[in-house]
Peer 1: 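Provided herewith is a single structure, encoded as structure tokens, for subsequent inquiry.
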Amino acid sequence: MNILVCIKQVPDTESQIKIDSGGKGIQTADIKWVMNPYDEFGVEEALRIKEKTGGKVTVIGVGPQRVVESLRTALAMGADEAIHVDDPAADGGDALATARVLAGSVKDVPFDLIFCGQRAVDDDNAQVGAALSELLQIPLLSVITKVEISDDKAKVKVQRPVEGATWVFEAPLPALITTQKGLNEPRYASLPGIMKAKKKPLSAKKLGDLGLSPDQAGLQGSKLTIKGLTPPPERKAGKIIEGETAQEKGTILVKLLREEAKII
Amino acid sequence: MADFTLDEDQKQIQDMMRKFAEKELRPIARDCDEEDKLPADLLEKVWELGFCPNIIPEKYGGYDMGRSALNAAIMVEELAWGDASLAIGALSPLLMAVPILEFGTEEQKEEWLPKFCGEKFYPATAALMERRITFEPTDLHTTVEMEKEVMVLNGAKCLVPLADQAEQILVYAATAKGAGAAAIEAVIVDRNTPGVTIGEREKNMGFKPLPLFPVTFKDVEVPMTRRLGGNKGIQFMRLLNLSRANLCAMAVGVSRASNEYAIKYAKERFAFGEPIASRQAVAWMLGESAIEVAGMRLMVWRTAWRLDRNEDATRDAGLTKMYCADKTMLITDYGVQVLGGHGYIREHPVELWFRNGRGFDTMEGLAIG
């Protein structure tokens, strides 16, 4: 099976996020960039399927040169090839513009299955996978925690957890799956894997190579614009309840919840 | 003339090892310390990272991705930042694999290296240190007599990691007592050979999860084929230097862990209306530690770089060992001090790093890469 995994590079959740002077983006100088954790589930699942059924795993990333690092991480984990759309005109796009770029980059690549993270942990937009499936006219299976390929490799059966239950879906291949936490535990790249990664093919593409014009991608091709970013409000200091005994503290707490917080 | 840019591989190694250390070592470090345990499943997890086959040539079953003391230093700094005891334990097979790669005869490489390329952790270790007043690794009193067909080993070793489960022990012994580094041989000894006695597990101040044992050798007969390097023997100082670079990289990891923790704590802990980090008495300790961590790392990297160029790194490795051992004590002590009374209780990891950090001064030959 040929499996594609779309990868977004995002700031490490440990990085301290500061808004830049323009007020519409973040300061990127001290940011450590990593593969979106949900995309990592996609890479892992693709590798597990490949190990069972054979085939090839190709990873795709859009963005500046630094994105190569995350693509190499996926190659080090075991992916076979990488496509990097390295074109300033493709950067900064909304979900639809980005999906167009991804759709363009797979137009000459055979695939049976595509994985996207259910969302990226930076903008939490959760739409690229859906938009890509629409552009490619293939079934979308979103927020998935289990994937089973049929023996004849023609269908995929998946599970989506919902409040108190699990939905089971089946779709013909090719299809697009967006990954949810719980799907798997991504492997660590092995040392030989890391060393081998640099010998694996990584092709850089421009928008022109994908048959796209600048007004279909990036900022120009976006219907959504960011008007401004504000940091979350600072957390107010908590209140420590003083009292001799637990009972006394409990009484004060109930009183405060009723009279001050007005929630009981 | 000098370049400190990590290449793509090194960056990936650093990132991946940091992640591994954070997710696999840190969460279990405290329990392992309290319970003196080195979990078997952890050994397998680290083994899966492929640190042995990565450096072993293809004809012996490895991937032949090149061996580098610098890459090893980058790797073990991160693992020791996670937990030094667990790192030393999990990487102990290298104690035998690396000397064989360095000095083994073709026959020895063919016989032993494939064992380090299997899917399961292959327990192997080395015995260097002796419990004598100097703890001087070049002045060994364990002796090896070369006879016609066999070698005969006599002496006592201590601090042998995983001696209880290692199938093979690489024993360093001198052809004549006190004859210095030039007279040191390495002998591959099957632990079940008559005359080999593994003593009771040692109880130490730090590195508690790491099973360390005294091992004695009484008239132990070993076939001549197990003399590492055959007639040529080994260059002991090269192995000691490789080990010192590796251990010092671990010391950097432990020091960095303590310094990072102390900085974070000092910024969050308020006293007299401001974070304690803004008090000079505290800030100086944090700053001094950060300077020393950076300095230690530079020394380790230079030693490793020398070793990778096959230069004589004895002086660099010696200086680095002394400096790192010394500064690790200082930095991990400051870590405890910055936390005040909280530093002394086991709720915080600084006391653990302090106990482990103290050990680098004593230890030799416990890691190699």
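Labels below follow one simple rule: chain letters A, B, ... track the order of the sequence lines, proteins then strands, and each chain is numbered from 1. The figures here come from the full heavy-atom set of this structure, side chains too, leaving out hydrogens, waters and symmetry mates.
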Peer 1: May I ask you to check whether over 12 heavy atoms, not counting those of A/Lys146, lie within 6.0 Å of atom NZ?
Peer 2: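 Atom NZ in A/Lys146 is not crowded, with 12 or fewer foreign heavy atoms closer than 6.0 Å.
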Peer 1: How long is the span from the NZ atom in A/Lys198 to the CE atom in B/Met65, to the nearest 0.5 Å?
Peer 2: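 It is 7.5 Å, given to the nearest 0.5 Å.
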Peer 1: State, with a plain yes or no, whether a side-chain heavy atom of B/Asp15 is found less than 4.5 Å away from one of A/Lys32.
Peer 2: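 B/Asp15 reaches A/Lys32 side chain to side chain.
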Peer 1: Measuring heavy-atom distances to chain A, does B/Asn71 have an atom under 4.5 Å in its side chain, in its backbone, in both, or in neither?
Peer 2: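 Just the side chain, heavy atoms under 4.5 Å.
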Peer 1: Looking at B/Ile345, I want to see if its CD1 is surrounded by more than 12 non-hydrogen atoms of other residues, nucleotides or ligands under 6.0 Å.
Peer 2: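 Counting other residues, nucleotides and ligands, CD1 of B/Ile345 exceeds 12 neighbours.
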Peer 1: How about NZ on A/Lys206, more than 12 heavy atoms from neighbouring residues, nucleotides or ligands closer than 6.0 Å, or not?
Peer 2: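 More than 12 within 6.0 Å, yes.
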Peer 1: Would one find more than 12 heavy atoms of other residues, nucleotides or ligands at under 6.0 Å from atom CZ of B/Phe270?
Peer 2: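 Enclosed.
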Peer 1: With a 4.5 angstrom heavy-atom cut-off, is it the side chain or the backbone of B/Glu22 that approaches chain A, or both, or neither?
Peer 2: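 B/Glu22 touches chain A through side-chain heavy atoms alone.
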Peer 1: Take a 6.0 Å sphere around CG of A/Asp124 and say whether it holds more than 12 heavy atoms from other residues, nucleotides or ligands.
Peer 2: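 Counting other residues, nucleotides and ligands, CG of A/Asp124 exceeds 12 neighbours.
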Peer 1: Where is the tightest heavy-atom contact between B/Gly50 and A/Pro192, given as atom of each residue plus distance?
Peer 2: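 Where B/Gly50 meets A/Pro192 most closely, the heavy atoms are O-CD, 3.7 Å.
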Peer 1: Using a 4.5 Å cut-off on heavy atoms from C-beta on, say whether the side chain of B/Met17 contacts that of A/Leu191.
Peer 2: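 They are in side-chain contact.
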Peer 1: Rounded at 0.5 Å granularity, tell me how far OH in B/Tyr63 sits from CE in A/Met195.
Peer 2: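 Between atom OH of B/Tyr63 and atom CE of A/Met195 there are 13.0 Å.
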Peer 1: I'd like to know if B/Glu8 and A/Lys199 make a salt bridge, using a cut-off of under 4.0 Å between side-chain N and carboxylate O.
Peer 2: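 Salt bridge: no.
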Peer 1: Would you give the length of the straight line joining atom NZ of B/Lys11 to atom CD of A/Glu69, rounded to the nearest 0.5 angstrom?
Peer 2: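 With rounding to 0.5 Å, NZ (B/Lys11) is 5.0 Å from CD (A/Glu69).
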Peer 1: Using a cut-off of 6.0 Å, state whether more than 12 heavy atoms not belonging to A/Asp30 lie near its atom CG.
Peer 2: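 No, the 6.0 Å shell around CG holds no more than 12 heavy atoms from other groups.
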Peer 1: Are B/Lys19 and A/Glu40 close enough, and set up right, to give a salt bridge (charged side-chain N to carboxylate O under 4.0 Å, His left out), and what steps lead you there?
Peer 2: CA-CA 13 Å; B/Lys19 193 166 156 186; A/Glu40 228 175 306; 2.6 Å; yes
Peer 1: Which heavy-atom pair separates B/Leu49 from A/Ala189 by the least distance, and what is that distance?
Peer 2: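 Nearest pair, atom of B/Leu49 first, then A/Ala189: CD2-O, 4.2 Å.
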Peer 1: Looking only at side-chain N and O atoms, does A/Tyr188 offer a donor or acceptor that is under 3.5 Å from a partner on B/Glu48?
Peer 2: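 Checked: B/Glu48/A/Tyr188 side chains show no N/O donor-acceptor pair below 3.5 Å.
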Peer 1: Around atom CD of B/Glu110, are there more than 12 heavy atoms of other residues, nucleotides or ligands at under 6.0 Å?
Peer 2: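 Count over threshold, so yes.
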Peer 1: Do A/Thr73 and B/Gln12 get their side chains close enough for a donor-acceptor pair, meaning under 3.5 Å?
Peer 2: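 A pair is found: one side chain offers a donor N or O, the other an acceptor, under 3.5 Å apart.
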Peer 1: Verify the neighbour count for atom NZ of A/Lys50: are there more than 12 heavy atoms of other residues, nucleotides or ligands below 6.0 Å?
Peer 2: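 Check passes, neighbour count above 12.
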